[in-house]
Amino acid sequence: MSRRSARYRLLAWLSPFRRGPSARRPHQRGGTAGPHGSFTRAAGRLGIAGPALSRAIRNLEAELGVRLFERSTRVVELTGPGEVLLAQARPALDALDAAVRRAVRASAPNRSMLLAVKADADGGLLEDILTTVAAEPDAEPVAVRLCGWREHARLLRTGEADVALMFRPYDPDGIDADVVAVEPRMAALPADHALAGASRVRLADLGIGPEEVDERAEHDIGEHGVHDLAQLLALVGLGATTTVLPRSVAAGYPRQGVAYVRIADCPPATPVIAWPERSRSRGVAALVRATTAVAESRGMGAASRTSR
């Protein structure tokens, strides 16, 4: 094994010590050994012996000339340099994890591309996309990976999805995307609301600021303690609340007690088709082409490459 590959393997062995900022207690100078607190438990997660991991870390410290951990009989803590190394190495470690997941899936006998989509937020395009992509010359079988609010970008970065159909905003780090459409947003109002019969409403009529609209429905679901959009709209129909939805999402939820009214001064909703930025997959390219073709055939607007 070359020195470079050996060093990378040692860095990969550090992965169990990754943890979020909340794991640090106020009195700690550095983080503890992830959620594990010892090399033994961290080694167990990696499937190697504790002494082997401890020796590997000591060898890495000797090669770098830097102490990465403070060790005591009670706990193992990252030093300041250890924090720096782990923070800088994290993108490479995450990319390695994602590459391994994709390689494993690529080796499956009945492999397929995974398209991440939230069930009620596909812009009404999903069925036509699946039909259209099947006719693409470089197409691969597509399996749908249903996900929750704001999960799409994470699934792409971790290798748990190959393509995602989602709405802006999202964290663009490591992701490329094409705009699928630009569509208006609708106010979901109780049918007996004073503005339910209007042709247009304004954000001020709803008491909503422009900066709130992207995550308004998600916010309202959490605020009212319901589990999904269907339950939120049931509350709208009962006169308990109002919310804001992209037009395509509203079209999928006709409700007798709910009136949808276009918001005149609201920033538009922007669905995109996204993929990992370094992807060279012909199957991914075929799925992206199919998505933009379906959107254009619906008159939803020409696609354009987003800027990161």
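Since we're looking at a predicted model, the values are computed, not measured.
- Checked by atom type, the side-chain pair His193/Thr242 shows no donor-acceptor distance below 3.5 Å.
- At least one side-chain heavy atom of Pro276 sits under 4.5 Å from a side-chain heavy atom of Arg102.
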Check: Where do Asp176 and Arg278 land on the salt bridge (Lys or Arg N to Asp or Glu O under 4.0 Å) test, with the steps shown first?
Finding: CA-CA 8 Å; Asp176 279 339; Arg278 293 182 178 83; over 6 Å; no

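- With rounding to the nearest 0.5 angstrom, the CG atom of Asp171 is 11.0 Å from the CG atom of Leu156.
- Looking at Met166 and Val117, their side chains never come closer than 4.5 Å, going by heavy atoms from C-beta outward.
- Distance CG/Leu78 to CD/Glu83: 5.0 Å, rounded to 0.5 Å.
- Heavy atoms from other residues, nucleotides or ligands lying under 6.0 Å from CD of Glu211 number more than 12.
- Both Tyr260 and Val236 belong to a common hydrophobic cluster when Ile, Leu, Val, Met, Phe, Trp and Tyr are linked at side-chain heavy-atom distances under 4.5 angstrom.
- Counting only distance, with no hydrogens or angles, the side chain of Glu151 and the backbone of Gly148 share a donor-acceptor pair below 3.5 Å.
- Among residues two or more places apart in sequence or in another chain, the side chain to side chain donor-acceptor pair (under 3.5 Å) test is passed with Arg282 by none.
- Using a 4.5 Å heavy-atom threshold, the side chains of Arg289 and Thr132 count as separate.
- Looking at every heavy atom in both residues, Ser248 comes nearest to Gly123 through OG-CA, 3.3 Å.
- The shortest distance between side-chain heavy atoms of Leu245 and Leu233 falls below 4.5 Å.
- Atom CD of Glu70 sits about 6.5 Å away from atom OG1 of Thr79, to the nearest 0.5 Å.
- The backbone N or O of Val104 sits less than 3.5 Å from a side-chain atom of Ser107, completing a donor-acceptor pair.
- Electrostatic pairing of Asp128 and Arg298 counts as a salt bridge here, judged by a charged N lying under 4.0 Å from a carboxylate O.
- Using a 4.5 Å heavy-atom cutoff, the side chains of Pro210 and Pro267 are in contact.
- Criterion: ILVMFWY side-chain heavy atoms under 4.5 Å apart, direct or through other members. Under it, Leu287 and Leu146 are part of a common hydrophobic cluster.
- A salt bridge links Glu218 with Arg150: the closest approach of a Lys/Arg side-chain nitrogen to an acidic carboxylate oxygen falls below 4.0 angstrom.
- No side-chain donor from either of Thr292 and Asp178 sits under 3.5 Å from a side-chain acceptor of the other.
- The hydrophobic cluster containing Val261 also includes Leu189, Leu195, Val201, Leu203, Leu206, Ile208, Val213, Val244, Ile263, under a criterion of side-chain heavy atoms closer than 4.5 Å among ILVMFWY residues, counted directly or through chains of members.
- Taking every heavy atom of both residues into account, Ala143 and Ser112 meet most closely at CB-OG, 3.5 Å.
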Next item on the list: Show the numbers, then the answer: is there a side chain to side chain contact (heavy atoms under 4.5 Å, CB included) between Val272 and Thr270?
Entry: CA-CA 6 Å; Val272 303; Thr270 309; 4.3 Å; yes

Note to self: With side chain to side chain contact (heavy atoms under 4.5 Å, CB included) as the criterion, how do Glu223 and Thr241 come out once you've worked through the C-alpha distance, each side chain's angles and the decisive distance to 0.1 Å?
What the structure shows: CA-CA 10 Å; Glu223 183 175 271; Thr241 188; 5.7 Å; no

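- The two residues Ala116 and Ala161 make their nearest non-hydrogen contact at CB-CB, 3.9 Å.
- Of the listed residues (His152, Glu183, Lys118), just one forms a side-chain contact (heavy atoms from CB on, under 4.5 Å) with Phe167, and that residue is Glu183.
- Between the side chain of Ser297 and the backbone N or O of Val294, at least one donor-acceptor pair lies under 3.5 Å.
- Atoms CD and NE2, on Gln231 and His227 in that order, are 6.0 Å from each other to the nearest 0.5 Å.
- The pair Arg105-Asp162 counts as a salt bridge, with a side-chain nitrogen and a carboxylate oxygen less than 4.0 angstrom apart.
- Within the model, atoms SG of Cys266 and CZ of Arg185 stand 5.0 Å from one another, a figure rounded to the nearest 0.5 Å.
- With hydrogens and angles disregarded, no donor-acceptor distance shorter than 3.5 Å links the side chain of Glu140 to the backbone of Met113.
- Linking Ile, Leu, Val, Met, Phe, Trp and Tyr residues whenever their side-chain heavy atoms come within less than 4.5 Å leaves Leu115 and Trp149 in two separate clusters.
- Residues satisfying the side-chain contact (heavy atoms from CB on, under 4.5 Å) test with Glu160, not counting sequence neighbours, are Arg101, Arg145, Arg154, Leu155, Thr158.
- In this structure, Asp122 CG and Leu165 CG are separated by 6.5 Å, a value rounded to the nearest 0.5 Å.
- Electrostatic pairing of Arg216 and Asp214 does not count as a salt bridge here, judged by no charged N lying under 4.0 Å from a carboxylate O.
- Nearest heavy-atom pair, Gly159 versus Ala98, reported as atom, atom and distance to 0.1 Å: N-CB, 3.6 Å.
- Here the side chain of Tyr253 pairs no donor or acceptor atom with the backbone of Val258 at under 3.5 angstrom.
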Note to self: Please evaluate residues Phe69 and Arg67 with respect to the criterion side chain to side chain contact (heavy atoms under 4.5 Å, CB included), reporting the C-alpha separation (whole Å), side-chain torsions for both, the decisive distance (0.1 Å), and the verdict.
What the structure shows: CA-CA 6 Å; Phe69 290 94; Arg67 180 182 285 274; 5.8 Å; no

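- Looking at Ile273 and Ile129, their side chains never come closer than 4.5 Å, going by heavy atoms from C-beta outward.
- Note on Val180 and Val144: same hydrophobic cluster, where clusters join Ile, Leu, Val, Met, Phe, Trp and Tyr whose side-chain heavy atoms are under 4.5 Å apart, directly or indirectly.
- Between the side chain of Glu296 and the backbone N or O of Ala293 there is no donor-acceptor pair closer than 3.5 Å.
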